[in-house]
A.B. asks: 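For reference, the structure I am asking about is given below.
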Amino acid sequence: TFTCELLARNPDAQIKIWINDTEKVVIRGNGQASYFNTSGFIGINEMAASAALHIKGFGATSSNYALKIDDLAASPLLYVRNDGLISAPL
(Lines give C-alpha, C1' and ligand atoms only; values in the text may rest on other atoms or scores of the structure.)
Protein backbone atom coordinates (compact mmCIF):
# COMPACT_ATOMS: atom_id res chain seq x y z
CA THR A 1 0.00 0.00 0.00
CA PHE A 2 1.27 3.43 -0.94
CA THR A 3 -0.34 6.65 0.22
CA CYS A 4 0.74 10.08 -0.89
CA GLU A 5 -0.83 13.49 -0.42
CA LEU A 6 0.31 16.51 -2.41
CA LEU A 7 -0.72 20.11 -1.96
CA ALA A 8 -0.16 22.68 -4.69
CA ARG A 9 -1.16 26.29 -4.19
CA ASN A 10 -0.67 27.26 -7.83
CA PRO A 11 -3.88 26.61 -9.86
CA ASP A 12 -1.77 25.61 -12.89
CA ALA A 13 0.21 23.00 -10.91
CA GLN A 14 0.78 19.53 -12.35
CA ILE A 15 1.40 16.12 -10.86
CA LYS A 16 3.30 13.71 -13.07
CA ILE A 17 3.92 10.02 -12.52
CA TRP A 18 6.86 8.44 -14.33
CA ILE A 19 7.60 4.72 -14.57
CA ASN A 20 10.95 3.56 -15.96
CA ASP A 21 11.70 7.03 -17.37
CA THR A 22 8.35 7.16 -19.20
CA GLU A 23 5.65 9.68 -18.33
CA LYS A 24 2.51 7.65 -17.57
CA VAL A 25 0.07 10.03 -15.84
CA VAL A 26 -0.34 13.79 -15.78
CA ILE A 27 -2.92 15.48 -13.57
CA ARG A 28 -3.32 19.21 -14.14
CA GLY A 29 -4.88 21.82 -11.88
CA ASN A 30 -6.83 24.53 -13.68
CA GLY A 31 -9.73 23.98 -11.30
CA GLN A 32 -10.46 20.48 -12.65
CA ALA A 33 -9.78 17.23 -10.86
CA SER A 34 -8.87 13.78 -12.15
CA TYR A 35 -9.10 10.68 -9.98
CA PHE A 36 -7.79 7.14 -10.42
CA ASN A 37 -9.33 4.37 -8.31
CA THR A 38 -8.20 0.88 -7.36
CA SER A 39 -10.35 -0.71 -10.09
CA GLY A 40 -8.30 1.08 -12.73
CA PHE A 41 -11.14 3.48 -13.52
CA ILE A 42 -10.48 7.15 -14.25
CA GLY A 43 -12.86 9.82 -13.04
CA ILE A 44 -12.85 13.41 -14.23
CA ASN A 45 -14.61 15.51 -11.61
CA GLU A 46 -15.89 12.19 -10.19
CA MET A 47 -14.26 10.50 -7.21
CA ALA A 48 -16.29 7.27 -7.42
CA ALA A 49 -15.73 6.37 -11.08
CA SER A 50 -17.91 3.43 -12.12
CA ALA A 51 -16.59 2.99 -15.68
CA ALA A 52 -13.22 2.91 -17.40
CA LEU A 53 -13.69 6.65 -18.05
CA HIS A 54 -16.31 8.47 -15.98
CA ILE A 55 -16.81 12.17 -16.69
CA LYS A 56 -19.06 14.32 -14.50
CA GLY A 57 -20.13 17.67 -15.95
CA PHE A 58 -20.96 20.88 -14.15
CA GLY A 59 -24.62 21.79 -13.86
CA ALA A 60 -27.39 20.61 -16.18
CA THR A 61 -27.64 23.40 -18.75
CA SER A 62 -26.80 23.78 -22.42
CA SER A 63 -24.09 26.32 -21.61
CA ASN A 64 -21.54 23.72 -20.42
CA TYR A 65 -20.09 20.50 -21.79
CA ALA A 66 -19.37 17.23 -19.98
CA LEU A 67 -17.33 16.07 -22.99
CA LYS A 68 -15.97 18.06 -25.92
CA ILE A 69 -13.58 16.86 -28.61
CA ASP A 70 -12.22 19.39 -31.11
CA ASP A 71 -9.89 19.08 -34.07
CA LEU A 72 -6.64 21.04 -34.33
CA ALA A 73 -8.52 24.08 -35.69
CA ALA A 74 -10.82 24.04 -32.60
CA SER A 75 -13.82 22.88 -34.68
CA PRO A 76 -16.07 20.49 -32.75
CA LEU A 77 -15.88 16.81 -33.67
CA LEU A 78 -18.02 15.48 -30.82
CA TYR A 79 -19.63 16.96 -27.75
CA VAL A 80 -21.98 16.05 -24.95
CA ARG A 81 -23.66 19.00 -23.28
CA ASN A 82 -24.72 18.94 -19.64
CA ASP A 83 -28.38 19.07 -20.68
CA GLY A 84 -27.95 15.67 -22.40
CA LEU A 85 -27.61 16.79 -26.04
CA ILE A 86 -25.07 14.69 -27.96
CA SER A 87 -23.73 16.06 -31.24
CA ALA A 88 -21.20 14.97 -33.83
CA PRO A 89 -21.27 17.73 -36.50
CA LEU A 90 -20.29 16.73 -40.01
Side-chain angles (χ1 to χ4, degrees):
T1 302
F2 175 77
T3 302
C4 178
E5 182 175 335
L6 302 170
L7 174 64
R9 298 192 187 280
N10 180 340
D12 294 322
Q14 300 182 81
I15 298 170
K16 293 185 177 186
I17 299 173
W18 295 72
I19 299 173
N20 296 328
D21 296 322
T22 302
E23 184 179 277
K24 295 291 187 179
V25 177
V26 177
I27 303 171
R28 292 183 173 84
N30 303 331
Q32 305 299 317
S34 299
Y35 303 94
F36 301 83
N37 70 23
T38 56
S39 299
F41 296 160
I42 299 170
I44 299 175
N45 199 41
E46 174 57 59
M47 291 183 70
S50 59
L53 176 60
H54 188 149
I55 302 170
K56 183 185 234 180
F58 294 95
T61 68
S62 62
S63 62
N64 296 315
Y65 299 94
L67 173 66
K68 187 174 181 192
I69 302 172
D70 292 340
D71 65 14
L72 186 59
S75 298
L77 297 174
L78 170 71
Y79 61 83
V80 179
R81 287 192 327 211
N82 285 339
D83 64 352
L85 177 77
I86 300 170
S87 180
L90 298 175

A.B. asks: Which pairs would a plain distance check flag for residues 55-62, meaning a side-chain donor or acceptor within less than 3.5 Å of a matching protein atom at least two apart in sequence or in another chain?
C.D. replies:
unit_1, atom_1, unit_2, atom_2, d
Lys56, NZ, Glu46, OE1, 3.4
Thr61, OG1, Ser63, N, 3.4
Thr61, OG1, Ser63, OG, 2.8

A.B. asks: I'd like a table of donor-acceptor pairs (distance under 3.5 Å, sequence neighbours excluded) in which one partner is a side-chain atom from residues 65-72, with atom names and distances.
C.D. replies:
unit_1, atom_1, unit_2, atom_2, d
Asp71, OD1, Ala73, N, 3.0
Asp71, OD1, Ala74, N, 3.2
Asp71, OD1, Ser75, N, 2.9

A.B. asks: To the nearest 0.5 Å, what is the distance between CD1 (Ile44) and CG (Leu53)?
C.D. replies: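 Here the interatomic distance stands at 5.0 Å.
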A.B. asks: Which pair of heavy atoms, one from Pro89 and one from Tyr79, lies closest together, and at what distance?
C.D. replies: CG-CE2, 4.3 Å
A.B. asks: Quick one: which residue pairs count as a salt bridge (Lys or Arg N to Asp or Glu O under 4.0 Å) with a foot in residues 76-90, not counting sequence neighbours?
C.D. replies: Arg81-Asp83
